[in-house]
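Below is one structure; the comments refer to it alone.
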Amino acid sequence: MTQSTVAAAGDEPAYRYNAKLASDIEERWQDYWRTHATFEAPNPVGSLKGEVSEAKHSFIMDMFPYPSGSGLHVGHPLGYIATDVYGRFQRMNGYTVLHTLGYDAFGLPAEQHAVATGEHPRASTERAIEIYRRQLNRLGLAHDPRRSIETIDPEYYRWTQWIFLQIFNSWYDPARGGARPISELIEQFAAGTRPTPDGRAWAELSAVERDEVLGEYRLAYAKEVSVNWCPGLGTVLANEEVTADGRSERGNFPVFKSKLRQWMMRITAYGDRLISDLDLLDWPEAIKLQQRNWIGRSEGARVEFAVEGGKITVFTTRPDTLFGATYMVLAPEHELVTSIVPAAWPEGTPEPWRGGAATPAEAVEAYRAMAAAKSDVDRQMDAKTKTGVFTGAYAVNPVSGESIPVFIADYVLMGYGTGAIMAVPAHDLRDFAFARAFGLPIRCVVKPTDGRGEDPASWDEAFVAYDAVLVNSANAEVSLDGLGVVEAKAAITKWLEGKGIGEGTVNYRLRDWLFSRQRYWGEPFPIVYDEDGAMHALPESMLPVEVPEVEDYSPRTFDAQDAASEPETPLSRNADWVDVDLDLGDGRGVRRYRRETNTMPNWAGSCWYELRYVDPDNAVDLVDPANERYWMGPTAHKRAGGVDLYIGGAEHAVLHLLYARFWHKVLFDLGYVSSKEPFHKLFNQGMITADVYRDDRGFPVPAGEVEERDGAYFWQGAAVTREAGKMGKSLKNSVSPDEFCAEYGADTLRVYELSMGPLEVSKPWDTKAVAGSIRFLQRLWRNVVDEETGALRVVEDEPDLATARATHQAVAGVQEDVAGLRFNTAVAKLIVLNNHLTKLERVPRSSAEALVLAVAPFAPHLAEELWSRLGHEGSLAYAPFPQADPRFLVADEVTCVIQVQGKVRDKIQVAPDITDEALKELALATEGAQRALDGRGVRTVIVRAPKLVNIVPA
RNA sequence: GCCCCGGUAGCCCAACUGGCAGAACGGCAACGGAUUCAAAACCCGUACAGUGUGGGUUCGAAUCCCACCCGGGGCACCA
């Protein structure tokens with residue numbers, strides 16, 4: 001970092017606010033806060049019981065960090081500083097504030113470090129947490145340290161496992177629209193009020209068979225599913241962790257489809273509520289939109305098509321175009337494929353449909369193999385050319401009675417809808433491309449509105465529109481001809497329902513959440529299997545299931561391209577841990593069990609941490625209901641309840657935020673929490689970027705050592721290029737908060753970061769610009785304390801009118817800005833007031849005190865010091881935030897602009913409460929207006945008293 | 001390709017529901033002065049942009065509408 005000109009001077013006044021003095025002050029007040037437990041937040045009940053304000057309370061949260069070994073850079077704490085300022089502000093406004101920070105500590109980097117060095121992930125993680133704690137403490141964050149949790153703490157993850165068990169032991173009851181205990185479902189099966197799938201009595205089913213049945217209902221279930229297998233990482237991944245181009249978000253390895261038995265969370269059951277409850281939240285629209293898109297709700301219909309030996313059910317959003325369905329397509333993996341394939345090609349099967357195979361079975365086999373070998377990347381790249389083969393089977397179009405061929409093609413995805421479609425090539429772009437490629441008939445059933453005519457043979461692409469009328473769509477029983485798309489949908493859906501071959505339905509893009517990972521450093525599942533293979537949840541008393549010690553931390557990783565490889569869990573290699581004798585307390589006594597060896601994804605710990613902040617050492621409950629209700633319960637302002645303010649990066653829009661909402665809703669359904677949503681107000685802070693300098697090879701050079709000469713940049717004498725980039729180790733442009741604090745102090749960092757610009761936008765770090773922030777604090781110090789003698793400079797005189805106005809205006813502005821999270825403008829207003837006071841001969845105490853209090857959330861250490869020098873006992877953390885007196889907010893004269901036809905022609909001074917009529921009179925009489933009117937008459941006069949009059953000439 | 005968000009002085013940024021033909025307040029950098037043996041710091045002062053481009057609505061547009069350009073983000077064969 002460049003040498004600070006401010007701090008470097010040798011013989012400066014003894015009481016100048018410089019880095020050294022700032023450090024002294026900061027350390028002293030941090031000690032004070034710690035020893036006086038200033039920021040410990042009371043709970044209504046339990047171990048942290050204390051005096052709480054019933055009406056005014058505020059739960060403020062940051063997205064907790066995953067502590068990396070390299071520590072923080074100055075870009076990281078921006079959000080933490082913002083929440084801290086807001087929290088301090090709220091305290092001064094009489095709120096009981098809960099603000100703490102925990103650590104998301106299970107995760108891949110520590111495990112990779114362990115594989116590389118042999119050091120236990122817990123050791124490296126805890127060391128990293130210590131570094132973070134120290135760095136963050138240095139910033140003077142007003143956290144309640146008692147509530148800080150770590151997700152790797154067995155006392156924490158016992159509850160993560162406990163919640164898993166609640167989810168496992170629940171099912172989603174569509175009739176009630178919520179989760180219910182699985183025991184209630186078992187009762188229904190046992191009593192026969194709900195039939196088993198194959199009609200046998202519940203008692204006749206084996207334990208494993210019952211597992212299978214219940215697995216179709218449980219909100220957490222293990223099933224053989226098509227998953228994202230990432231050989232390069234040696235683990236499977238959730239959809240949300242795979243990028244659009246089919247690679248792992250972490251590590252950027254190729255991802256393949258693979259069928260594996262994995263744990264899933266039935267988040268799809270909550271699709272509807274996850275969308276509709278967004279309306280109750282105060283979140284950025286962009287994030288809500290992303291969640292809505294990710295969940296992807298679409299309304300349509302399920303339609304059955306008869307096929308030799310069965311039926312194919314499709315989902316379509318365009319049932320109105322059913323008369324135009326000229327063929328069908330199944331996903332290659334569709335389970336029906338094998339059963340519908342005939343022994344030989346039907347007479348007259350065109351050559352291109354056969355895929356060069358002698359029989360349909362061979363064609364299907366070959367195509368399936370090819371599709372399975374494709375990674376999502378390939379699939380993506382091939383999206384333009386449609387491939388597929390004919391299955392040899394024909395289905396019957398239920399409205400036209402026509403026989404239509406059934407294909408398999410990889411443009412139909414198994415994971416969406418039913419994995420089968422009716423193809424309407426005339427009105428779907430993809431079906432059109434496929435039909436053209438395979439010479440399939442195209443029938444127009446929606447009259448084109450773009451003048452292209454009704455003969456698809458002349459078209460270049462499908463006609464897709466909702467604002468159009470149906471044609472060629474009638475049979476003996478139903479006619480859609482002449483109906484608009486919307487009416488036609490309703491009509492045909494009704495007809496299908498009447499015939500019992502279809503129904504209106506809603507489909508979601510969202511898939512169930514793949515919840516197991518083949519990793520070491522994660523929460524083990526509290527699940528064991530008996531010798532028959534039946535699944536058992538461990539009783540609560542056996543929690544936590546601790547992460548066992550192992551010899552070797554590494555998952556088995558493979559060649560990144562090896563799609564045929566299969567995962568192997570690190571925990572499975574530890575026989576002593578895997579095979580155990582347990583008495584599950586189910587009356588069966590001690591038996592031999594095998595443990596589940598997958599671990600949970602690192603999202604698990606962050607799905608509920610807000611609840612543990614509320615009641616961090618409750619040994620009986622996840623969270624005491626009274627404490628949860630107090631901090632998170634619904635109120636008039638937050639209808640769904642939840643944390644009052646949650647600040648973090650936008651990158652978690654669909655991962656953490658969706659998962660956490662889902663868990664919270666399950667807990668709500670089961671009655672453990674009173675809030676429907678975990679986070680009421682969400683705010684995304686922008687990133688702090690930094691200049692990156694590269695040498696002629698393109699490698700980054702240490703940014704701190706670059707010199708600027710005449711607009712060009714040099715490192716060690718050689719010219720380098722400059723660009724904007726993220727701040728980080730790899731780009732050699734990191735600035736650590738430690739070095740910054742040593743050179744300027746924590747208060748300067750806080751003020752600088754918040755004054756850079758709006759919290760939500762990205763902005764570039766500029767070390768040179770920091771001088772402005774420390775000068776501000778220096779001037780503030782000087783306004784109160786004599787630099788030479790250390791004596792107090794304030795006087796007891798009443799402020800003059802201009803000073804009183806400046807003070808009250810600043811205070812009012814800061815109050816409003818901070819409440820609206822506009823910290824940059826709040827700082828500007830504080831600087832304006834400070835500059836005003838700087839110009840005075842004598843600084844009146846009342847103004848100085850108001851300024852000190854108003855600045856306190858931003859530069860708390862300096863403010864505490866000045867407050868105490870001003871003669872106050874103790875901390876100002878709970879001193880009331882200054883209130884503006886409205887009398888000083890209005891000027892006794894304002895400038896009124898007189899416009900003629902929108903152009904300013906004159907200005908007059910008027911009283912702020914002047915009436916429209918009087919102002920109009922005055923304005924018309926002004927010389928400027930008269931000159932501009934130049935004798936013309938007046939058509940209208942627009943009066944916006946007291947600031948503007950606009951005269952419109954005739 | 002589709003969907004969001006944003007483009008104001010050299011730079012970062014302000015401007016409430018459209019209201020000073022013309023952009024504050026603030027900060028950095030620049031310039032001048034004062035101070036100093038000299039410099040730094042401190043203090044005082046100065047200059048610099050007509051709001052990405054082109055249309056439109058309006059008495060009046062940075063603010064509303066349309067098209068385009070640039071930058072950032074999300075989604076991407078989802079039937």
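Below, chain A is the first sequence line, B the second, and so on; all start at residue 1.
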Exercise. Using a cut-off of 4.0 Å on non-hydrogen atoms, how would the nucleic acid contact of S762(A) be classed: base, sugar-phosphate, or nothing?
Worked result: sugar-phosphate
Exercise. Closest to the R782(A) side chain: rC42(B), rC25(B), rA14(B)?
Worked result: rC42(B)
Exercise. Which sits closer to the 5' end of RNA chain B, L510(A) or V770(A), going by the nucleotide each is nearest to?
Worked result: V770(A)
Exercise. Going by modelled atom types, is there a donor-acceptor pair between the base of rC12(B) and the side chain of K763(A) at under 3.5 Å?
Worked result: no
For this session: Give one of base, sugar-phosphate or nothing for N293(A), where a contact means two heavy atoms less than 4.0 Å apart.
Result: nothing
For this session: Could you check whether V412(A) gets within reach of a base, just the sugar-phosphate, or nothing at all, counting any heavy atom under 4.0 Å?
Result: base
Problem set entry | Separation between the C1' atoms of rG72(B) and rA24(B), rounded to whole Å | 28 Å
For this session: Could you work out the separation of rU8(B) and rA14(B) based on their C1' atoms and round it to a whole Å?
Result: 10 Å
Problem set entry | Lys NZ or Arg CZ of R16(A) over W781(A) ring: under 6.0 Å, within 45° | no
For this session: May I ask you to say what D431(A) touches in the nucleic acid, namely base, sugar-phosphate or nothing, with a heavy-atom cut-off under 4.0 Å?
Result: nothing
Problem set entry | Touch class at under 4.0 angstrom, heavy-atom based, for Q290(A) against every strand present | sugar-phosphate
Seminar exercise, completed: Among the nucleotides rG27(B), rC13(B), rC77(B), whichever has the atom closest to the side chain of K386(A) is rC77(B)
For this session: Give one of base, sugar-phosphate or nothing for K829(A), where a contact means two heavy atoms less than 4.0 Å apart.
Result: nothing
For this session: Would you mind classifying the nucleic acid contact of R511(A) as base, sugar-phosphate or nothing, using non-hydrogen atoms under 4.0 angstrom?
Result: base
For this session: Pick the P atom in rG54(B) and in rA47(B), then give their distance to the nearest Å.
Result: 28 Å
For this session: Give one of base, sugar-phosphate or nothing for S298(A), where a contact means two heavy atoms less than 4.0 Å apart.
Result: sugar-phosphate
Exercise. rC77(B) P sits how many Å from R318(A) CZ, rounded?
Worked result: 20 Å
For this session: May I ask you to decide if L322(A)'s main-chain N or O and N397(A)'s side chain share a donor-acceptor pair within less than 3.5 Å?
Result: yes
Seminar exercise, completed: Per nearest nucleotide of RNA chain B, the residue lying toward the 5' end, K839(A) or E285(A), is E285(A)
For this session: Using a 4.0 Å heavy-atom cut-off across all strands, classify T316(A) as base, sugar-phosphate, or nothing.
Result: sugar-phosphate
Seminar exercise, completed: Of the listed rC4(B), rC42(B), rG27(B), the closest approach to the Q778(A) side chain comes from rC42(B)
Exercise. When all nucleic acid strands are considered with a 4.0 Å heavy-atom cut-off, which category describes R779(A): base, sugar-phosphate, or nothing?
Worked result: sugar-phosphate
Exercise. Any donor and acceptor pair, going by atom type alone, linking the side chain of K386(A) with main-chain N or O of F432(A) inside 3.5 Å?
Worked result: no
Exercise. Mind checking who rG71(B) pairs with, Watson-Crick or G-U wobble, both distances under 3.5 Å?
Worked result: rC5(B)
Exercise. Does any donor atom in the side chain of D512(A) or T268(A) lie under 3.5 Å from an acceptor atom in the other side chain?
Worked result: yes
